S.K.: 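Please find one structure pasted underneath; my questions will follow.
Computed from a prediction, not measured in an experiment: that's the story for all the values here.
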Amino acid sequence: MTLSDEQIKDFRELGFVNIGPIFNQGDTESIQSEYDRLVTMDSQTLGNDDEGRFPYRAMLNFRSEKLKAITQDKNLLDGMVQLLGTDVRFWWDQGINKSPGAGSYIDWHQDNGYANGVTPEYVTCWLALDDSSPENGGLYVIPESHKAGPRDHEWRGVHAVVSEQFVEAEKAQPLNAKAGDMLLFSSYLLHQTVGNTSKDKQRRAWVMQYCRGDHANETTGEVYDNRPWVVKGGEYVENPWSERVFDLRGDRP
């Protein structure tokens, strides 16, 4: 995947871009199959009982060799090099399925908001496994909101959110996608997902994130050398490795 100048401009200026499908049909079907095996109501859920819960699971690449291979796909990493430079680490991944009738929102936030302290900007790759729109729990974004940098977040249950008084919600727009589309957006972009009001439309999404090789916490000084190298010195890393072991139970973005 080589991003066009226009796509890079949209990412830099708007904070997001839909680059369309980047995986072939066979790979997409394999991703969907592994996703459905791992992201279930029996694993972990988000939301609440009153509005409707929905399946969630972190770090699918730890649980599936097929999905791990996708996170190292050179077609995808080409674009990450264009946006992040010649040294790239894999940051995090998660599967979220806004299942039919799950009315719970994930309120306005930046992906960086889940870290303790201030972390630099990284890239979120949001792979739509179903058509996504406001009807079935799709994304809303606030264009150019990433330019303001990291915002203060507060915890509401398990979600880090930006207080409504600091969100220019009137500027929000839906970020629709077709099944197979890849959305790229800045980790500083304000976004939310709404409830799935449909009766029969899933909204499965697999989120993969990548950061610069020298990614470090500006508040604590922690260097995130527990994230695996996927590109180093402009060369693809055949067997990703990290200086420290990533602890799925203790480490989080």
S.K.: Any chance you could measure Gln44, atom CD, to Phe54, atom CZ, to the nearest 0.5 Å?
M.R.: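 With rounding to 0.5 Å, CD (Gln44) is 10.5 Å from CZ (Phe54).
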S.K.: What class does the angle between the rings of Trp241 and Trp229 fall in, given that below 30° is parallel, 30 to 60° is tilted and above 60° is perpendicular?
M.R.: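 The arrangement is tilted - the two ring planes meet at 30° to 60°.
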S.K.: Treating Gln82 as the side-chain partner and Leu3 as the backbone partner, does any N or O pair qualify as donor plus acceptor under 3.5 Å?
M.R.: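 Between the backbone of Leu3 and the side chain of Gln82 there is a qualifying donor-acceptor contact (under 3.5 Å).
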S.K.: Indicate yes or no for a side-chain donor-acceptor contact from Thr219 to the backbone of Val118 under 3.5 Å, with no hydrogens or angles considered.
M.R.: yes
S.K.: List the atom of Ala177, the atom of Ala128, and the distance in Å for their closest heavy-atom pair.
M.R.: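 Heavy atoms of Ala177 and Ala128 come nearest at CB-CB, 3.9 Å.
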S.K.: For atom CZ of Arg212, is the number of surrounding heavy atoms from other residues, nucleotides or ligands below 6.0 Å larger than 12?
M.R.: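 12 or below, so no.
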S.K.: Can you name the closest pair of heavy atoms from Leu77 and Gln72 and give their distance?
M.R.: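 Nearest heavy atoms, Leu77 then Gln72: CD1-O, 3.6 Å.
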S.K.: I'd like to know if the side chain of Asp131 and the backbone of Lys178 have a donor-acceptor N/O pair within less than 3.5 Å.
M.R.: no
S.K.: Would you say the side-chain atoms of Asn112 pair up with the backbone N or O of Pro150, donor to acceptor, closer than 3.5 Å?
M.R.: no
S.K.: For the side chain of Asp78 and the backbone of Asn75, is there at least one donor-acceptor N/O pair under 3.5 Å apart?
M.R.: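 Such a contact is absent between Asp78 side chain and Asn75 backbone.
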S.K.: Grouping I, L, V, M, F, W and Y whenever their side-chain heavy atoms are under 4.5 Å apart, do Trp92 and Ile31 come out in a common cluster?
M.R.: yes
S.K.: Checking Val237 against Val231 for the side-chain contact (heavy atoms from CB on, under 4.5 Å) test, could you report, in this order, the C-alpha distance in whole Å, the side-chain angles of both residues, the deciding distance, and whether it holds?
M.R.: CA-CA 5 Å; Val237 178; Val231 183; 5.7 Å; no
S.K.: Which heavy-atom pair separates Ser132 from Trp126 by the least distance, and what is that distance?
M.R.: OG-CH2, 3.7 Å
S.K.: Output yes when Arg37 and Glu34 qualify as a salt bridge under the 4.0 Å nitrogen-oxygen rule, no when they do not.
M.R.: yes
S.K.: Evaluate the ring planes of Trp91 and His215, with Trp represented by its six-membered ring, and classify them as parallel (under 30°), tilted (30 to 60°) or perpendicular (over 60°).
M.R.: perpendicular
S.K.: In a check of side chain to side chain donor-acceptor pair (under 3.5 Å) between Ser186 and each of Lys147, Glu121, His146, which one passes?
M.R.: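 Among Lys147, Glu121, His146, the one that satisfies the side chain to side chain donor-acceptor pair (under 3.5 Å) with Ser186 is Glu121.
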S.K.: What about Ile70 and Leu129, same hydrophobic cluster or not, with Ile/Leu/Val/Met/Phe/Trp/Tyr joined at side-chain heavy-atom distances under 4.5 Å?
M.R.: yes
S.K.: Asn18 and Asp181: side-chain donor and acceptor closer than 3.5 Å?
M.R.: yes
S.K.: For residues Tyr236 and Ile22: do they belong to one hydrophobic cluster (side chain heavy atoms under 4.5 Å, members Ile, Leu, Val, Met, Phe, Trp, Tyr)?
M.R.: yes
S.K.: Between Arg89 and Glu243, does the salt bridge (Lys or Arg N to Asp or Glu O under 4.0 Å) criterion hold? Intermediate values first, please.
M.R.: CA-CA 11 Å; Arg89 294 181 187 266; Glu243 291 85 346; 3.1 Å; yes
S.K.: Quick check on Phe23: does its CZ atom have over 12 non-hydrogen neighbours (other residues, nucleotides or ligands) under 6.0 Å away?
M.R.: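 Correct, the count exceeds 12.
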S.K.: Between the side chain of Ser4 and the main-chain N/O of Gln7, is any donor-acceptor distance below 3.5 Å?
M.R.: yes
S.K.: Find the distance between CZ (Arg57) and CH2 (Trp206) and round it off to the nearest 0.5 Å.
M.R.: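 If I round to the nearest 0.5 Å, the distance is 14.0 Å.
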S.K.: Is the shortest distance from a Lys or Arg side-chain nitrogen in Glu164 or Arg156 to a carboxylate oxygen in the other one below 4.0 Å?
M.R.: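 Counted as a salt bridge, because a side-chain N and a carboxylate O are separated by less than 4.0 Å.
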S.K.: So, does Thr193 use its side chain to make a donor-acceptor pair with the main chain of Leu139 at under 3.5 Å?
M.R.: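 Pair absent, no side-chain N/O of Thr193 close to backbone of Leu139.
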S.K.: For the pair Asp49 and Arg53, find out whether any cationic side-chain nitrogen is under 4.0 Å from an anionic carboxylate oxygen.
M.R.: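 Here Asp49 pairs with Arg53 in a salt bridge, since their nearest N and O are under 4.0 Å apart.
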S.K.: Would you call Asp36 and Arg204 a salt bridge, taking side-chain N to carboxylate O under 4.0 Å as the test?
M.R.: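 Looking at Asp36 and Arg204, the cut-off is met.
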S.K.: Hey, are Arg244 and Glu222 close enough for a salt bridge, meaning a charged N less than 4.0 Å from a carboxylate O?
M.R.: yes
S.K.: Side chains of Gln94 and Tyr56: donor-acceptor distance under 3.5 Å anywhere?
M.R.: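 Looking only at side-chain atoms, Tyr56 and Gln94 do form a donor-acceptor pair, the distance falling under 3.5 Å.
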S.K.: Which heavy atom in Leu14 sits nearest to a heavy atom in Leu189, and how many Å separate them?
M.R.: O-CD1, 3.7 Å
S.K.: Backbone N or O of Asp111 within a donor-acceptor pair of the Tyr122 side chain at under 3.5 Å?
M.R.: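 Yes.
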S.K.: Are His191 and His109 close enough, and set up right, to give a ring-ring contact (aromatic ring centres under 6.0 Å, His included), and what steps lead you there?
M.R.: CA-CA 6 Å; His191 61 284; His109 67 283; 4.2 Å; yes
S.K.: To the closest 0.5 Å, what do you measure between SG (Cys125) and CE (Met208)?
M.R.: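 Output value for this atom pair is 6.0 Å.
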S.K.: Run Tyr105 and His159 through side-chain contact (heavy atoms from CB on, under 4.5 Å) and show every step you take.
M.R.: CA-CA 10 Å; Tyr105 278 49; His159 296 299; over 6 Å; no
S.K.: Between the side chain of Tyr35 and the main-chain N/O of Ile96, is any donor-acceptor distance below 3.5 Å?
M.R.: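 Yes: the side chain of Tyr35 pairs with the backbone of Ile96.
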S.K.: Using the rule that Ile, Leu, Val, Met, Phe, Trp and Tyr join whenever any side-chain heavy atoms are under 4.5 Å apart, tell me whether Ile19 and Leu183 fall into a single cluster.
M.R.: no
S.K.: Can a side-chain donor-acceptor contact be found between Gln209 and Thr124 if the only test is distance below 3.5 angstrom?
M.R.: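 Judged by distance alone, the side chains do pair up.
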S.K.: Could you check Asn196 against Asn136 for side chain to side chain donor-acceptor pair (under 3.5 Å), going step by step and ending with a plain yes or no?
M.R.: CA-CA 4 Å; Asn196 186 340; Asn136 68 335; 5.7 Å; no
S.K.: Are Lys98 and Glu135 ion-paired here, with the side-chain N under 4.0 Å from a carboxylate O?
M.R.: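 Salt bridge between Lys98 and Glu135, a charged N being under 4.0 Å from a carboxylate O: no.
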S.K.: Which pair of non-hydrogen atoms, one from Asn217 and one from Asn116, has the smallest distance, and what is that distance?
M.R.: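 It is ND2-O, 2.6 Å.
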S.K.: Let me check something: do Leu127 and Leu184 share a hydrophobic cluster, defined by ILVMFWY side-chain heavy atoms less than 4.5 Å apart, either directly or through other members?
M.R.: yes
S.K.: Quickly, which of Asp93, Val81, Leu76 forms a side chain to side chain contact (heavy atoms under 4.5 Å, CB included) with Tyr210? Name it, please.
M.R.: Leu76
S.K.: Let me confirm one number: the CG-CE distance from Leu67 to Met59, rounded to the nearest 0.5 Å.
M.R.: 12.5 Å
S.K.: Quick one: does Arg151's side chain have a donor or acceptor within less than 3.5 Å of a partner on Val162's backbone?
M.R.: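 Between the backbone of Val162 and the side chain of Arg151 there is no qualifying donor-acceptor contact (under 3.5 Å).
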S.K.: From Asn97 CG over to Asp130 CG, what is the distance, rounded to the nearest 0.5 angstrom?
M.R.: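 The CG atom of Asp130 is 7.0 Å from CG of Asn97, to the nearest 0.5 Å.
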S.K.: Any chance the rings of Phe185 and Phe11 have centres within less than 6.0 Å?
M.R.: no
S.K.: Quick one, Trp108 with Ile142, criterion side-chain contact (heavy atoms from CB on, under 4.5 Å). Give me CA distance, side-chain angles, the key distance, then yes/no.
M.R.: CA-CA 9 Å; Trp108 292 108; Ile142 299 180; 3.6 Å; yes
S.K.: Rounded to the nearest 0.5 Å, how far does OH of Tyr224 lie from CG of Asp214?
M.R.: 12.5 Å
S.K.: Determine, step by step, whether Asp225 and Arg227 satisfy the side-chain contact (heavy atoms from CB on, under 4.5 Å) criterion, reporting the C-alpha distance in whole Å, the side-chain angles of both residues, the deciding distance to 0.1 Å, and the verdict.
M.R.: CA-CA 5 Å; Asp225 55 4; Arg227 265 55 174 194; over 6 Å; no
S.K.: What's the shortest heavy-atom distance between Ala216 and Pro120, and which atoms?
M.R.: O-CD, 3.0 Å
S.K.: Check whether any side-chain heavy atom of Pro143 lies under 4.5 Å from a side-chain heavy atom of Phe16, and answer yes or no.
M.R.: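 Yes. Closest side-chain heavy atoms under 4.5 Å.
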